Amino acid sequence: MKKQLISIRVNGRTHEIAIAPSQLLLECLRQDLGLTGSKRACEDSSCGACTVLIGGTPMLSCATLAMSVALDDDGHGPEITTVEGIAEHGSLAAIQKAYGDWGGAQCGFCTPGFMCTVSALLDHNSDPSEAEVRDALSSNLCRCTGYMQMYQAVRAAIEAERKGRAAAGTGTH
Amino acid sequence: MAKNGSNGDFSVIGKPVAFVDAAGKTTGSGKYTDDLTMPGMLVGKILHSPLPHARIKRLDVSGAEQLEGVVAVVVGKDAPNKYGILPVGHDETALAVDKVRYIGDNVACVCAVDESTAERALELIDVEYEPLPAYFDPEESMKAERDLIHEQRPHNIEKDYHHVFGDPDAGFAASDVIHEARYIANEVTHAAMEPHSTLAAFEIDPQSGEPGRLTVWSSTQVPYYLQHKLSLVLEMPMSQIRVIKPLVGGGFGGKSEVIPLEIIAAVAARKAKAPVKITYTREEVFWAHRGRPRTIIDLKVGAKRDGSLQAVSARVVQDGGAYCSYGVVTILYSGALLGAIYDIPNVRYDGYRVLTNKPACGAMRGHGTVNVRFAFESAFDEIASKLALDPAEIRRRNLLKPPAITVNGLRVQSYGLPECIDRVIEGSGWGARKGKLQAQGSVRRGMGLGCSHYVSGAANSIIRSDMPHSTVNIKIDRDGGVVVYTGASDIGQGSDTMVAQVAAEVLGCTLRRVKVIAADTDLTPIDIGSYSSRVTFMNGNATLRAAEDVKKQIVSAAARKLGCPPEDVVMRGDLVFRRGASLVEPGREQSAAEILEAKDAPRGGPVSSNAPTVSGKVEGQILRGSLQQKRKEEGRRDQLTFEEAVVAAIDFHGALSGTGSYAPPQEARGGAFKGSGVGPSPAYSYCAQVAEVSVDEDTGEVAVHKIWAAHDCGRALNPVSVEGQVIGSVWMGLGQALQEEMVWKDGLLINPGMLGYCSPSAAESPEIECYIVESVDPEGPFGAKECSEGSLAATIPAISNAIYDACGIRLRESPFTPERVLAALRERDQQKKLNLTEGVSPTAPERFREHGGATWFAGKGPARHELDPARTGRVSDVTGD
Amino acid sequence: MSLPEFKFVRPQSLSEAVAILQQHSPAADPLAPRRPPEERGGIEIIAGGTDLIPSMRQRLFEPEFVLDIRAIRELRGIREVPGGDLELGALTTLTEIERSAIIRQRYPVLAEAARTVASPVIRNMATIGGNICLDTRCVWYNQSLQWRKSCGFCIKKDGDLCHVAPGGQKCWAAFSADTPPALLCLEAEIEIAGPAGPRRLPLSELYTGEGDARMNLRRNEILARIILPRRTANWRGAYRKLRIRGSIDYPLAGVAVAIENNGHIQQANIAITGVNPAPVLVKRAGGLLAGKALSESLAAEAADLAARTAKPLTTSALTPEYRREIVRVFTRRALMEAGG
Ligand SMILES: Cc1cc2nc3c(=O)[nH]c(=O)nc-3n(C[C@H](O)[C@H](O)[C@H](O)COP(=O)(O)OP(=O)(O)OC[C@H]3O[C@@H](n4cnc5c(N)ncnc54)[C@H](O)[C@@H]3O)c2cc1C
């Protein structure tokens, strides 16, 4: 089928790519943009390894058509953030550092999805309850950790962010 | 110090450190096989058999070949050599040659420019099958006289073993109580998050101008075995094949042998004359399977009135699926590991590994022991309740007295089981709470105990030989960088980090100095792979020896500089100094210990560390030029930096490299009877667990509230990682206990996806509290043993025993799904019978259950599928429900 | 697995969307099965895509066109209309519903049911319209093309036999969405946009009870909004869902109840999902309960009615008998909770 030219905004950059209308956002990220952090793992849209942020909200890139998130003629359209866009200024974001320190990532295959889900949670709620964290984690499957060490990691990240904010004198928002 | 930290005086080990590859995983920059591409790379897609058992009468791929974008189509006769992970089980071919043996068996492979073209081409392949009678139930399959799955296996029995140790009959005669029951464990699979993926590419040989060397990137736990089997099938020397393992997204045993796509990709790349990548769909992962076979265990246990075990007899039947895989090993483990945990004087074991027309089973976390342990630990509680003994007490009364050799020839040295039991009994408040938890309405609570153990690597390798099981090389150059070349395959369990820690500990340098090059058969010496929990013990020991080898050279050079005998040279904290010397760092005085603390910042440290910069690459470069000069000026000194010592050693010895290898000692390799090779290990890990559950008696739903898990891992080289492995094992056991189950109907897998398979989500995953018990094994690296598998097996009986404690039902079939639990509760209350469980009682299961409904090949109803044998009169019996 | 090829259209308005549907639909026959055997082509509506995309991957749908309705503003939003009814645009996501203060306050059972759908991330995408129009599910149907070839195609797609009820001619695939039973209990109505303008009908009339031709929705129509009537506002309710995991899973059975209660039950509805080819209101439950004070025995009587209404078959994990039993238990519990 003939490919179409679309523009799509990912991690702060706009890309122009030619895609088949049937192309999923996940395929487009991995194959056309080389952003292989988002993973294909289940095929029935149940595992969350492909989770990205669309307009700041975590969604499944394996259940999203690339055409649906293309920019319109005026250049309007959603900003997409993948795991590659989570790191800050070339350094690990607090949640990434914490996942490493606390064993939140073992084989790492589900980790990009968790990074997106959890960072969206922390963006909207800087001090989530245990139940809120559990609820957020319940969108993504992990086969290594039993999720336990992820709670420690999330808590450590919250703490690090709080300290960071205090140090920067910005207080809580 | 955290609850779980090592006690010894170490610098790098015993400390929780982030995995050396953690940042690649959290930023998405780490590459797994499916993330790799090459110029001109083709996509491979496999055509699978729609029939459980059939002869291929005709296979016409011309339609597919003609499709635009298709470069090659590969079939069985392109690579007909047989292979298999076990030398005794070479029964697989890359693609079916004459027969297909399960729904999902591999028939042909299309290589095309992209995925959708390849998928379209699969539809154009024309196959004519002649259906054969198929076998789905192992006990039925064992009766087969004809239409055997593999001609060379009479009665479809892959292997049977009949072992007698001691005098079981006398043991039972001497017993005051005997418990006898059938237990059934249903089939589970690894479901690693990463689907298998392989990329294969040939290089042109410059001398001949023909395709020469082959490089294969693959999601494998066993690069060396893959190289070996590729050589066998492709008829190429191993030296011409390079296997590289990129990051692997979990294995759990599912990647611990050569999986069809790995061979197919290489054969396809040869035929297509281009690089070919195949990545399984999730459904294909389920067909590739190699998981834990569904198992029937007829168990008989006899004990004296005081609880002491007198005899155990077990008949185990495993539904192995269509190929041997690790089957012979699995069925042997099931018998052998009845031993090495409790003191059992008399054992009879009859094990049957049976072929059926289903995807092949293989090795899965806790290989061979898990289902039998579920039966045994359940039976142990049943005996305890007959004797009115506390479950913890009966276990304590049957402990081994190490060092010991069990009746079946297993050598046990370090043995932390008693402490494991103590820790969970104390931690869970067992004494005060067990049996006394309050019910709330229809919801009852209970607690249960289970124990388990596992090998720290098999003492005998699959391919019998005297070669070392692991070899590690270390190179240190003038920049002070330590490069460790190890064949160990990190599959997410953290072996690269373990190797780096061990090397850093021995060399007294910081972790940051150490770079690990792993699992690349061109670069790294042979290691037989990541399976049977062997890596820390064996590759850790090889690393330790390699590091000591190179350390010796540094020390001898340093001794000259420091003017002391080599025995007095200490390498620690990135410094090399004379024992007893007071150390001076520019600007301040510090003890060696203080320096260590500062340099190995533990977890939870600041995000961007502002710890003093360790003399590293940049400084190393600067230092290099001036060092000789400096040395001459300074003469004898009390201490050297790591780089200075390295430079001195290179100047003195020439290039600095070390090597070390490990082979299990002869004494640990087991007895001399047939089948004695499986079970022996240089060391065993031990675990005890208490589970607290509640059971909703109206619905049969079980919730696990908490599991206390103690694991004896010898020494915890990296506590955060040990905790992660133990918790992960417990959690995977929980999945098998409560909800994971491959559901079959006539050999058709009803739930081949993550949605249907139901591995636990965070929502229902309980808190797991982990206690690390360090028994310090005399032969493990720094005393370490395995920690990644042993805990799984205890979870299932701990939960089933807890369900019994909560509501007095004894579930003898796993998983304990709500329908099974409710059926057992209704039995208990003698309520009207409902058919909740397809006619199989979960308290007295007799056979494996099948999903309801009907398939076309064994069903009724109008036949319309063109392959339907009922249409052609080949199958006459069409009753399905 | 890649998606089958199709052309993509993304209209900006409802009328444009209806025109496109009209152009690409076969002659409108309201009761024609949505997918006659062997049919290819046609046009499929996509909203959140969480049902359609996985199904297309399995080649359950191979449309010539996919019509994305997400750019249509008119289909968005929750608003109160004069007279006190509450309108939900079909594109309202389940996350919006579970978080909406007004829904939580007035129609709590809907918020509760929405919260049980799939997982939080899926609910960020999933729309209420898609949930109402969700395809029916069956383990013999929701499988890859390769799998279905192995097993033999069934009535619902490409074949003419049923694996669930061998020999039968009816499709028993189970309706497996969570919000419709809540909406049925709240006596919701729906507005459908079509070439002849909008039509409005009670939600209960949308479903046919057939597993294959599941809805009385013509191929040129779009579900535009859902209307929650003022009269059921503030009814107390409860939703109980049977699932294996605490997240992600579809309902294996689900029971919603809504009650207007002031000491005695004034009015009440019970509806079930996951066990029949449509979500169904339990007949006579309202009559049984109205005017009585809620008690365990009354709840048990109503639960019997619900269990008898349930027709679970081997379409999913867990046995039919078990799922029927659970409908009974959950109905009793939901009633006691909503009425207590
Ligand atoms: C892993 C997983 C788990 C799930 N679990 C659950 C669950 O627990 N409970 C549950 O209820 N659902 C579940 N779902 C299904 C699905 O996510 C939800 O039902 C969701 O609400 C569907 O909405 P959607 O907008 O994504 O639908 P889409 O996929 O966009 O559409 C679904 C169907 O409705 C049609 N449609 C959509 N909108 C309209 C409209 N306005 N007019 C006419 N037709 C329309 C489409 O053509 C399509 O046939 C699950 C899905 C997945 C992938």
Side-chain angles (χ1 to χ4, degrees), chain B residues 47-52 103-104 114-116 119 122-123 281 283 698-701 738-739 741 743 745 748-756 758-765 817-819 822-823 834-838 851-857 859-865 867-868 880-881, chain C residues 1-5 37 54 57-59 118-119 138-140 142-154 158-169 240 242-250 252 313-326 328-330 332-333:
Chain B
L47 180 74
H48 299 277
S49 165
L51 289 168
I103 294 172
D114 57 31
E115 188 179 19
S116 61
E119 281 170 356
L122 291 183
E123 302 294 310
T281 62
E283 183 178 48
D698 287 349
T699 64
E701 291 170 302
L738 293 184
Q739 61 205 65
E741 176 176 7
V743 179
K745 177 68 182 177
L748 186 63
L749 182 59
I750 297 290
N751 54 345
M754 302 289 258
L755 185 54
C758 287
S759 64
S761 76
E764 73 277 12
S765 297
T817 50
E819 55 189 13
L822 190 66
L834 297 175
N835 186 15
L836 299 174
T837 49
E838 303 280 352
H851 189 79
T855 56
W856 67 270
F857 46 88
K860 50 189 169 185
R864 61 161 284 117
H865 195 285
L867 290 172
D868 190 337
D881 49 348
Chain C
M1 261 178 278
S2 57
L3 292 184
E5 288 179 353
R57 232 189 247 120
Q58 298 179 320
R59 302 295 186 273
S119 67
C138 179
V139 291
W140 306 93
N142 296 97
Q143 302 282 2
S144 72
L145 177 60
Q146 161 79 39
W147 194 99
R148 287 179 290 120
K149 272 189 195 165
S150 295
C151 175
F153 296 121
C154 74
D158 297 338
D160 60 6
L161 57 83
C162 177
H163 303 288
V164 167
Q169 289 304 309
R240 284 287 165 276
L242 174 67
R243 49 164 41 166
I244 303 215
R245 294 181 280 199
S247 181
I248 304 170
D249 295 349
Y250 282 91
L252 297 166
L313 289 163
T314 60
T315 53
S316 68
L318 299 183
T319 51
E321 284 283 291
Y322 176 75
R323 283 155 56 222
R324 183 200 305 283
E325 188 55 27
I326 286 306
R328 182 194 315 278
V329 174
F330 280 3
R332 183 163 50 74
R333 287 188 175 177

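Computed from a predicted structure; not experimentally measured.
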Do B/Leu51 and C/Ser150 touch side chain to side chain, with heavy atoms closer than 4.5 Å? no
Apply side-chain contact (heavy atoms from CB on, under 4.5 Å) to residues C/Ile248 and B/Met754 and explain how you reach the verdict. CA-CA 10 Å; C/Ile248 304 170; B/Met754 302 289 258; over 6 Å; no
Leading residue by heavy atom contact count with chain C [cutoff under 4.5 Å; candidates B/Glu741, B/Glu123, B/Glu838]: B/Glu123
Is it the side chain or the backbone of B/His48 that comes within 4.5 Å of chain C heavy atoms, both, or neither? both
Toward chain B, the part of C/Arg59 with a non-hydrogen atom under 4.5 Å: side chain
On a heavy-atom basis, the closest approach of C/Glu325 and B/Leu834 is OE1-CD1, 3.7 Å
If every non-hydrogen atom of C/Cys151 is compared with every non-hydrogen atom of B/Leu748, which pair is closest and at what distance? CB-CD2, 3.6 Å
Does any backbone or side-chain atom of B/Leu749 lie under 4.5 Å from a heavy atom of chain C? Answer side chain, backbone, both or neither. backbone
With respect to chain C, which residue among B/Ile750, B/Thr281, B/Leu47, B/Val743 yields the maximal number of heavy-atom pairs within a distance under 4.5 Å? B/Ile750
On a heavy-atom basis, which atom in C/Pro166 and which in B/Ala854 lie closest, and how many Å separate them? CG-CB, 3.7 Å
Considering only heavy atoms, which portion of B/Ser49 lies under 4.5 Å from any heavy atom of chain C: side chain, backbone, both, or neither? backbone
Would you find a donor on one side and an acceptor on the other, under 3.5 Å apart, between the side chain of B/Gln739 and the backbone of C/Ile244? no
Within the distance-only criterion (no hydrogens, no angle test), does the side chain of C/Thr319 pair as donor or acceptor with the backbone N or O of B/Leu836 below 3.5 angstrom? yes
Portion of C/Leu313 that has a non-hydrogen atom of chain B nearer than 4.5 angstrom: neither
Structural part of B/Leu822 lying under 4.5 Å from a heavy atom of chain C: side chain
Is a donor from one side chain sitting under 3.5 angstrom from an acceptor on the other, for C/Ser144 and B/Glu283? yes
So does B/Thr837 get a backbone contact from the side chain of C/Glu321, meaning a donor-acceptor N/O pair under 3.5 Å? no
Could you verify whether a donor N or O on one side chain and an acceptor N or O on the other, from B/Glu119 and C/Ser2, lie under 3.5 Å apart? yes
Interface residue of largest heavy-atom contact number with chain C, from B/Pro760, B/Pro818, B/Ser116, B/Pro752, under 4.5 Å: B/Pro818
Where on C/Leu3 is there a heavy atom nearer than 4.5 Å to chain B: the side chain, the backbone, both, or neither? neither
If we define contacts as heavy-atom pairs under 4.5 Å, which of C/Arg332, C/Arg324, C/Arg243, C/Arg328 has the most with chain B? C/Arg332
Does B/Ala763 offer a backbone N or O that forms a donor-acceptor pair with the side chain of C/Arg245 under 3.5 Å? no
Is chain B contacted by the side chain of C/Leu318, its backbone, both, or neither, given a heavy-atom distance below 4.5 Å? both
Is chain B contacted by the side chain of C/Ser316, its backbone, both, or neither, given a heavy-atom distance below 4.5 Å? backbone
Contact origin within C/Trp140 toward chain B - heavy atom pairs under 4.5 Å: side chain
After noting the C-alpha distance and the side-chain angles of C/Phe330 and B/Asp698, does the key distance pass the side-chain contact (heavy atoms from CB on, under 4.5 Å) rule? CA-CA 9 Å; C/Phe330 280 3; B/Asp698 287 349; over 6 Å; no
At what distance, to the nearest 0.5 angstrom, does CG of C/Asn142 lie from CG of B/Leu755? 8.5 Å
Report yes or no: does C/Tyr322 contribute a side-chain atom to a donor-acceptor pair with the main-chain N or O of B/Thr699 at less than 3.5 Å? yes
